[in-house]
Amino acid sequence: VNTESYHFKVGAIECIAVSDGTFAYAPDSFVANAPVERFEQELRDHNLPSTEVISPYTCLLVNTGKHRLLIDTGAGFAPTNGKLVDNLATVGIAPADIDTIILTHGHADHIGGTADSTSGSVFPNARYVMWQAEWDFWNQKRPDLSAMPVDDHLRHLLIDFAHAKLPPIRAQLDLIDREVEIVPGIYAIPAPGHTPGHIALLISSGGQQLLHMADTVLHPILMEHPEWQPAFDLIPEQAISTKRRLLDRAAADQALALAFHFPFPGLGRVLPKGAAWEWQPIETFDQAADSRAAGV
Ligand SMILES: [Zn+2]
């Protein structure tokens, strides 16, 4: 099965989930308030390794016919990620082909691909779209990350990346502060909590919809345990209410959903489960999924 790209359609809109790679987190640094033994047991119960949490980074390429749009740009802070541009080339897309880039939020794993080491903009023809409050937060001299129970190394990495990767795109940037239609068929949905101006997206065409949840939920296990807070949510109380609002909506609509950090391609459905939810990966309900992933 191809783990770098995955083709699918939302109505008349062509989409390709494109991998930027992965990163491995220690289980005891991933969840802030759960007993680590219980989280590790859940990982084993899901047939996942329990010594580390392998987190995929999945960007989305969207071809509306008129626009070639990219949602998030990947990371590039470790040898296991930063592969977006190579994987776009494999599906026949050069950086200059992209006319619109939506950044769901300012974390390093979503903005890392905007500029290269010589500070040049990687996507020369793209108009960038980001939530105003998110841009303002990360462009402060000292964004306050003290609410995140993570080590100083990670806090510095997040701030250094924002300060290196956001200023180079300033001349290409449109900031939004309302639920606007960014290009025809693609709508911004405010989803604050993970970060102050984190957004989700709705892609809608021909009666079909995709709810792109970005980092609203960081791991399928956290759907089943909404009381467990990921260490990376900056405003936990707001993150919980955003999670509830978006997951209830996805479950009620039976919409196709995408989560940036879920097992590649990050596509599936949200099912209600008691007072919580559970993730149904696309492979389990779409028989054509494997052949499409193979590019057939
Ligand atoms: Zn992320």
Side-chain angles (χ1 to χ4, degrees), residues 3 19-59 72 74-83 104-105 107-110 112 145-161 191 193-195 198 213-240 242-244 246-247 257-268 270-271 273-281 283-284:
T3 56
S19 174
D20 182 62
T22 63
F23 192 67
Y25 298 84
D28 64 354
S29 67
F30 198 81
V31 179
N33 64 343
V36 68
E37 317 79 58
R38 284 211 53 207
F39 183 52
E40 289 173 349
Q41 185 60 49
E42 286 282 358
L43 289 166
R44 286 191 291 274
D45 290 348
H46 286 74
N47 297 314
L48 295 168
S50 62
T51 51
E52 54 185 10
V53 180
I54 308 284
S55 188
Y57 295 173
T58 305
C59 303
D72 289 329
F77 54 66
T80 53
N81 54 56
K83 303 176 190 299
T104 59
H105 61 296
H107 275 168
D109 47 332
H110 300 256
L145 303 183
S146 58
M148 290 169 67
V150 299
D151 61 30
D152 279 344
H153 171 78
L154 180 57
R155 279 198 202 97
H156 287 133
L157 183 144
L158 290 172
I159 293 171
D160 289 349
F161 253 64
H194 181 61
T195 59
H198 176 261
M213 302 189 292
D215 280 12
T216 301
V217 191
L218 297 181
H219 195 285
I221 289 172
L222 300 179
M223 272 191 186
E224 300 168 35
H225 290 276
E227 75 282 10
W228 290 353
Q229 294 167 9
F232 315 105
D233 284 354
L234 188 62
I235 315 164
E237 291 306 315
Q238 198 176 39
I240 287 169
T242 287
K243 192 188 300 188
R244 185 160 293 283
L246 284 188
L247 293 180
L258 189 151
F260 183 91
H261 292 293
F262 279 21
F264 189 81
L267 288 161
V270 177
L271 303 180
K273 187 187 185 188
W277 306 270
E278 93 184 311
W279 182 244
Q280 186 182 28
E283 299 83 4
T284 64

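Values below: all heavy atoms of this structure, side chains included; hydrogens, waters and symmetry mates excluded.
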Smallest separation among heavy atoms of [X] and [Y], with atom names:
X	Y	value
Leu218	Pro230	CD1-CB, 3.5 Å
Gly76	Asn81	N-OD1, 2.9 Å
Trp228	Glu42	CH2-CG, 3.9 Å

So how far is it from [X] [atom1] to [Y] [atom2], rounded to the nearest 0.5 Å?
X	Y	atom1	atom2	answer
Gln229	Ile240	CD	CD1	4.5 Å
Asp215	Met213	CG	CE	10.5 Å
His107	His198	NE2	NE2	9.0 Å
Trp279	Leu247	CH2	CG	9.0 Å
Leu267	Gln280	CG	CD	12.5 Å
Asp151	His156	CG	NE2	10.0 Å

Examine distances only and state if a side-chain atom of Asp72 and a backbone atom of Thr104 form a donor-acceptor pair shorter than 3.5 Å.
->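 Yes.
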
Any donor-acceptor pair under 3.5 Å linking the side chain of Asp20 with the backbone of Ala75?
-> yes

Where do Leu145 and Ile159 land on the side-chain contact (heavy atoms from CB on, under 4.5 Å) test, with the steps shown first?
-> CA-CA 9 Å; Leu145 303 183; Ile159 293 171; 3.8 Å; yes

For [X], what residues pass the side-chain hydrogen bond (donor to acceptor under 3.5 Å, both in side chains) criterion, not counting sequence neighbours?
X	result
Thr216	none
Asp45	Gln41
His46	Glu224
Asp152	Arg155

Got a sec, which residues hit side-chain contact (heavy atoms from CB on, under 4.5 Å) with [X], two or more places apart in sequence or on another chain?
X	result
Ala275	none
Ala108	Phe77, Leu157, Leu158, Phe161
Pro263	Pro220
Ala276	Pro226

Side-chain donor-acceptor contacts of residues 49-59 below 3.5 Å, not counting sequence neighbours, with atom names and distances?
unit_1: Ser50; atom_1: OG; unit_2: Arg44; atom_2: NH1; d: 3.2
unit_1: Ser55; atom_1: OG; unit_2: His261; atom_2: ND1; d: 3.1
unit_1: Tyr57; atom_1: OH; unit_2: Tyr25; atom_2: OH; d: 2.7

His219: partners by ring-ring contact (aromatic ring centres under 6.0 Å, His included), with sequence neighbours left out |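 None.
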
Could you pull out all residues at least two apart from Trp277 that satisfy ring-ring contact (aromatic ring centres under 6.0 Å, His included)?
->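 Per chain and number, Trp277 pairs via ring-ring contact (aromatic ring centres under 6.0 Å, His included) with no residue.
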
Would you check if Val217 and Phe262 make a side-chain contact, meaning some heavy-atom pair closer than 4.5 Å?
->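 Contact flag for Val217/Phe262 side chains = yes.
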
Can you check whether Leu222 reaches Val31 side chain to side chain, under 4.5 Å on heavy atoms?
-> yes

Name the atoms and distances for all side-chain donor-acceptor pairs under 3.5 Å in residues 231-238, with sequence neighbours left out.
unit_1: Asp233; atom_1: OD1; unit_2: His194; atom_2: ND1; d: 2.8

Which word best sums up how the rings of His105 and His110 line up, parallel for under 30°, tilted for 30 to 60°, or perpendicular for over 60°?
-> tilted

